[in-house]
2 protein chains.
Amino acid sequence: MGFFSKTCEYALRAVMYIAAQSSDGRKVGIKEVADRINSPAHFLGKILQNLSKEGLIQSTKGPQGGFYIEPDGLKRPLADIVIAIEGTRFLNGCGMGLSYCSQENPCPLHDDFKEIRARLNIMLHKTTIGQFNEKLIQGVLTLNK
Amino acid sequence: MGFFSKTCEYALRAVMYIAAQSSDGRKVGIKEVADRINSPAHFLGKILQNLSKEGLIQSTKGPQGGFYIEPDGLKRPLADIVIAIEGTRFLNGCGMGLSYCSQENPCPLHDDFKEIRARLNIMLHKTTIGQFNEKLIQGVLTLNK
DNA sequence: CCTATAAAAGACATTTTTGTCTTTTATTAA
DNA sequence: TTAATAAAAGACAAAAATGTCTTTTATAGG
Ligand code: FES
Ligand code: FES
């Protein structure tokens, strides 16, 4: 289907939305997030719950509660989200599905694929969760189809 | 999970194996292919059946029958396999799951992602199905974990 | 024609992903 | 303390991906 799984797509969009909103200390409810990133609310709830367990986002229950991200969290790389959801094989594994990627026993795509995989890793590790806050607030970037 | 789906991984490995074997006119049975690329035989059967309908590989039933690839087929790009299985969105779509990738309404990852996606497309379009035949026959490259 | 072979086709079964709905728990504020 | 709020948690349900097994169809060769 897509490049990332639906779960991962929702997670990336949601975390970026929460990041932008919490840049000025605001907490956001699951309903609002789901609305703004165009995802099923309850399903997103589960996803955010997991990311919260991993410490990638924070949450508080009750009135005035909601999801938010601590200042330090805004500096974490997107790779943390992708790895939390897709696992490490997505970013390290052999493109042709061999049990592990190796120089000694390479699959046919190894040489080209490892280059692309490396670039993907670089992108996801250099890009931080909070990096797009201003542009998201300005409305220059889109999160909802 | 993996970068490509299991189905696509099996397809890539199987087609390359068949390509190498049919470079000298030999046909191979499903059992042999499944064995050599380490995949469930019946499931692979379905996959190859589909690729056969698409004309990406050929097959004949009966004694001395099996799967093979016509000389022209060896020149086709791997992209044909990936597109047949994963669909076009995998290679063209927005990385964050927006309904389509656009310059005008970009998602936060758009600039970096389109570059990586382009490289992936280049790799899959420049690489042909028969390109690894010699090395596969020599045993320099691996298809079974 | 008959038989053996091997893919095609179809029927299921299992697992994973994706999605919905309800109940519980924690927190705030009145 | 009570009521309202909002996430956490749990129970399901639907759909898709993955996998297994059986039957049918086509073909080569005796
Ligand atoms: S062995 Fe397949 S990508 Fe390295
Ligand atoms: S809009 Fe998301 S990759 Fe182009």
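Values in this document were obtained by computation on a predicted structure and should not be read as measured data. Chain letters run A, B, ... following the sequence lines, proteins first, then strands; residues in each count from 1.
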Item checked: With sequence neighbours excluded, residues passing side chain to side chain contact (heavy atoms under 4.5 Å, CB included) with A:Ser39 -> A:Tyr10, A:Ala34, A:Ile37, A:Leu44
Check: Which residue pairs satisfy the salt bridge (charged side-chain N to carboxylate O under 4.0 Å, His left out) criterion with at least one member in residues 79-102 of chain B, sequence neighbours excluded?
Finding: B:Arg76-B:Asp80
Next item on the list: Apply ring pair (Phe, Tyr, Trp, His ring centres under 6.0 Å) to A:Tyr68 and list each qualifying residue two or more places apart in sequence or on a separate chain.
Entry: none
Check: Can you tell me if B:Arg36 uses its side chain to pair, donor with acceptor, with the backbone of B:Leu143 under 3.5 Å?
Finding: no
Next item on the list: Mind calculating the distance between CG (A:Leu44) and P (D:dA8) to the nearest angstrom?
Entry: 11 Å
Checklist line | 5'-most by nearest nucleotide on DNA chain D - A:Met1 or A:Leu48 | finding: A:Leu48
Check: Can you name the salt bridge (Lys or Arg N to Asp or Glu O under 4.0 Å) partners of B:Glu54, sequence neighbours left out?
Finding: none
Check: For residues 4-13 of chain A, which residues have at least one heavy atom under 4.0 Å from DNA chain C?
Finding: A:Ser5, A:Lys6, A:Thr7, A:Tyr10
Next item on the list: State which residues pass side chain to side chain donor-acceptor pair (under 3.5 Å) with B:Gln131; sequence neighbours excluded, sorted by chain then number.
Entry: none
Item checked: All side chain to side chain contact (heavy atoms under 4.5 Å, CB included) counterparts of A:Gln103, not counting sequence neighbours -> A:His110, A:Lys114
Note to self: Between C1' on C:dT5 and CZ on B:Phe67, what's the gap in Å once rounded to a whole number?
What the structure shows: 14 Å
Checklist line | Under 4.0 Å protein heavy-atom contacts per nucleotide of nucleotides 21-30 of chain D, with B for base, S for backbone only and - for none | finding: BB--BBBB--
Check: Considering only side-chain heavy atoms of B:Ser59, which listed nucleotide, C:dA9, C:dA7, D:dA8, is closest?
Finding: C:dA7
Note to self: Side chain of B:Phe43 only, heavy atoms from C-beta on: which candidate in D:dT20, D:dA7, C:dA7 is closest?
What the structure shows: D:dT20
Notebook entry, point to check: Which whole-number value in Å describes the distance from B:Ile47 CD1 to C:dA9 P?
Noted result: 16 Å
Margin query: Is the shortest side-chain heavy-atom distance between B:Asn133 and B:Leu74 below 4.5 Å?
Written below: yes
Notebook entry, point to check: Donor-acceptor pair, B:Ser23 side chain versus B:Ala20 backbone, under 3.5 Å?
Noted result: yes
Note to self: Rounded to whole Å, how long is the line connecting atom NZ of A:Lys53 with atom C1' of D:dG10?
What the structure shows: 11 Å
Margin query: So B:Lys27 and B:Ile18, do their side chains get closer than 4.5 Å, heavy atoms only?
Written below: no
Note to self: Check the phosphate of D:dA8 against A:Ser52, side-chain N and O only, distance under 4.0 Å to OP1 or OP2. Yes or no?
What the structure shows: yes
Note to self: Give me each pair satisfying salt bridge (charged side-chain N to carboxylate O under 4.0 Å, His left out) with a member in residues 55-75 of chain B, each pair once, sequence neighbours excluded.
What the structure shows: B:Asp72-B:Lys75
Next item on the list: On DNA chain D, check which nucleotide each of A:Gln49 and A:Gly65 is closest to and give me the residue with the more 5' one.
Entry: A:Gly65
Notebook entry, point to check: Near DNA chain C, which residues from residues 81-95 of chain A have a heavy atom under 4.0 Å away?
Noted result: none
Note to self: What residues from residues 18-39 of chain A pass a heavy-atom cutoff of under 4.0 Å to DNA chain C?
What the structure shows: none
Margin query: For A:Leu48, is there any backbone N or O sitting under 3.5 Å from a side-chain donor or acceptor partner on A:Ser52?
Written below: no
Check: If you look only at pairs with a residue in residues 119-138 of chain B, which of them pass as a salt bridge (charged side-chain N to carboxylate O under 4.0 Å, His left out), with sequence neighbours excluded?
Finding: A:Asp112-B:Lys126, B:Glu115-B:Arg119
Checklist line | Donor-acceptor contact below 3.5 Å, side chain B:Ser22 vs main chain B:Gly25 | finding: no
Check: Could you give the OH-to-P distance, from A:Tyr68 to D:dA7, as a whole number of Å?
Finding: 12 Å
